[in-house]
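See structure below.
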2 protein chains.
Amino acid sequence: MSIDVGGHLRAVRMMYGLSQRELAKRAGVTNGTISLIEQNRVSPSVSSLKKVLDGVPMSLADFFTLDLQESPQVFYARDELADIGDRDVSLRLVGAKRANRAMTIMHERYRPKADTGADMLSHKGEEGGIILTGHIELTVGGQSRVLGPGDAYYFASAVPHRFRNVGDEPCEIISASTPPTF
Amino acid sequence: MSIDVGGHLRAVRMMYGLSQRELAKRAGVTNGTISLIEQNRVSPSVSSLKKVLDGVPMSLADFFTLDLQESPQVFYARDELADIGDRDVSLRLVGAKRANRAMTIMHERYRPKADTGADMLSHKGEEGGIILTGHIELTVGGQSRVLGPGDAYYFASAVPHRFRNVGDEPCEIISASTPPTF
DNA sequence: CCGTCGCGTCTATTATTCTAAACAGAATCC
DNA sequence: GGATTCTGTTTAGAATAATAGACGCGACGG
């Protein structure tokens with residue numbers, strides 16, 4: 001058994017601020033069971049582990065997936081967002097570049113007249129966002145539209161697309177894309 | 001036991017074109033064990049299930065995650081965002097509910113004192129966001145922090161978490177989560 | 001037809017896990 | 001200081017899972 005089920009369960013229980021007895025009661029097992037499992041003195045059956053996790057509640061999938069996320073940074077002050085843009089388009093990332101994440105969340109800022117280039121972008125995945133300020137022309141496939149504050153978009157990234165700030169003021173967007181492009 | 005570990009294991013074994021005996025040999029268990037597990041006549045211990053899966057090979061996380069996996073509108077005017085919140089917390093979705101998407105992007109608005117409930121939330125996937133206005137206290141696992149305009153967050157949704165508007169003004173957030181929770 | 005090989009299932013025994021209850025330490029209260 | 005109440009741990013016995021090997025079934029070849 002390479003995986004530390006016991007320590008893992010203990011960590012989960014602690015995160016929820018439960019005692020062994022509290023969790024045991026919710027889960028319908030005895031506190032001794034939790035104790036033995038947490039000490040890795042037994043390897044619980046799937047059914048009993050499921051009962052225990054139901055008391056949290058947490059799925060088995062989540063339980064076994066959890067160790068992937070040890071303790072990455074959770075909070076980011078506004079000046080901690082990594083700026084990876086150029087002169088005309090500022091892209092400020094939530095989280096570091098190339099981190100092991102499922103998504104990229106960005107604060108984008110387009111100068112007046114700025115665009116993402118004459119060539120249409122096309123890559124894997126999906127992306128969407130909401131416009132905060134300014135006006136941007138978004139072209140996706142054949143369609144094109146000017147979006148203003150509060151408007152939003154969502155499309156498959158494989159469809160060729162292009163952003164262009166058609167207004168006189170900067171345009172700000174919060175966007176998300178999966179899988180991460182940065 | 002709501003989850004069909006046995007049928008699940010059988011499906012995995014079939015996908016790899018292995019017989020019970022072949023898999024048993026690779027895994028270092030007996031064929032009877034595999035048979036009993038697949039018929040759900042026993043609930044294997046985590047350690048023995050791990051041994052079995054090592055013979056495939058497949059991780060426990062993958063095993064329990066597996067069953068989860070089984071021309072859309074592009075532009076959304078601000079009043080087209082579906083509001084699925086309640087009185088205290090407004091959640092305005094980019095795209096329809098239950099659409100087949102890889103992400104959920106939302107414009108969230110918390111009234112003063114509003115929170116996501118005393119019980120900590122916990123679900124699969126990852127989520128992040130950027131604060132637009134107001135101040136919100138975010139608790140993730142053990143850590144807690146008050147975030148203001150421009151600040152951001154990103155974490156694995158399986159870690160218990162909670163949002164609470166600690167300021168006197170509404171708090172607005174643009175958030176994204178994957179896979180979609182709505 | 002019979003032997004052989006593959007398959008999955010079943011049974012008796014052994015090994016392990018789970019329960020119930022006792023135990024020990026620390027904090028709180030009067 | 002001696003209950004009370006909260007921790008987590010330990011133990012004997014009951015419940016459950018794993019093993020080794022037998023069993024039945026079907027396919028293939030001699």
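Each chain gets a letter, A, B and so on, in the order the sequences are listed, and its residues count up from 1. Just so it is clear, the structure is predicted and the values come from calculations on it, not from any experiment.
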With a 4.0 Å cut-off (strictly under) to non-hydrogen atoms of chain B, the first and last hit nts on DNA chain C, 5' to 3', are C:dC7 to C:dC10
Ring-plane angle category for B:His8 and B:Phe63, please: parallel below 30°, perpendicular beyond 60°, tilted otherwise.
tilted
Any chance you could list the contact pattern along nucleotides 12-29 of chain D? Use B for base contacts, S for sugar-phosphate-only contacts and - for none, protein heavy atoms under 4.0 Å, 5' to 3'.
-----SSBS-B-------
Residue list, side chain to side chain contact (heavy atoms under 4.5 Å, CB included) with B:Asp54, at least two apart or on another chain
B:Lys50
Contacts of B:Arg26 meeting side chain to side chain contact (heavy atoms under 4.5 Å, CB included) (sequence neighbours excluded), chain-then-number -> B:Leu18
From [X] [atom1] over to [Y] [atom2], what is the distance, rounded to the nearest 0.5 angstrom?
X        : Y        : atom1 : atom2 : result
B:Phe163 : B:Ile173 : CZ    : CD1   : 5.5 Å
B:Ser175 : B:His107 : OG    : NE2   : 9.5 Å
B:Asn31  : B:Glu22  : CG    : CD    : 12.0 Å

How would you label the contact of A:Ser19 with the nucleic acid (heavy atoms, under 4.0 Å): base, sugar-phosphate, or nothing?
sugar-phosphate
By the 4.0 Å heavy-atom rule, please label B:Gln39 as base, sugar-phosphate, or nothing.
sugar-phosphate
Hydrophobic clusters join Ile, Leu, Val, Met, Phe, Trp and Tyr when side-chain heavy atoms are under 4.5 Å apart, directly or via other members; which others share one with A:Val166?
A:Val146
Partner residues of A:Glu169 under the side chain to side chain donor-acceptor pair (under 3.5 Å) criterion, sequence neighbours left out
none
Nucleotide D:dT10, atom P - distance to CG of A:Asn40 in whole Å:
13 Å
Here the distance between atom C1' of D:dT9 and atom CD1 of A:Ile34, to the nearest Å, is 14 Å
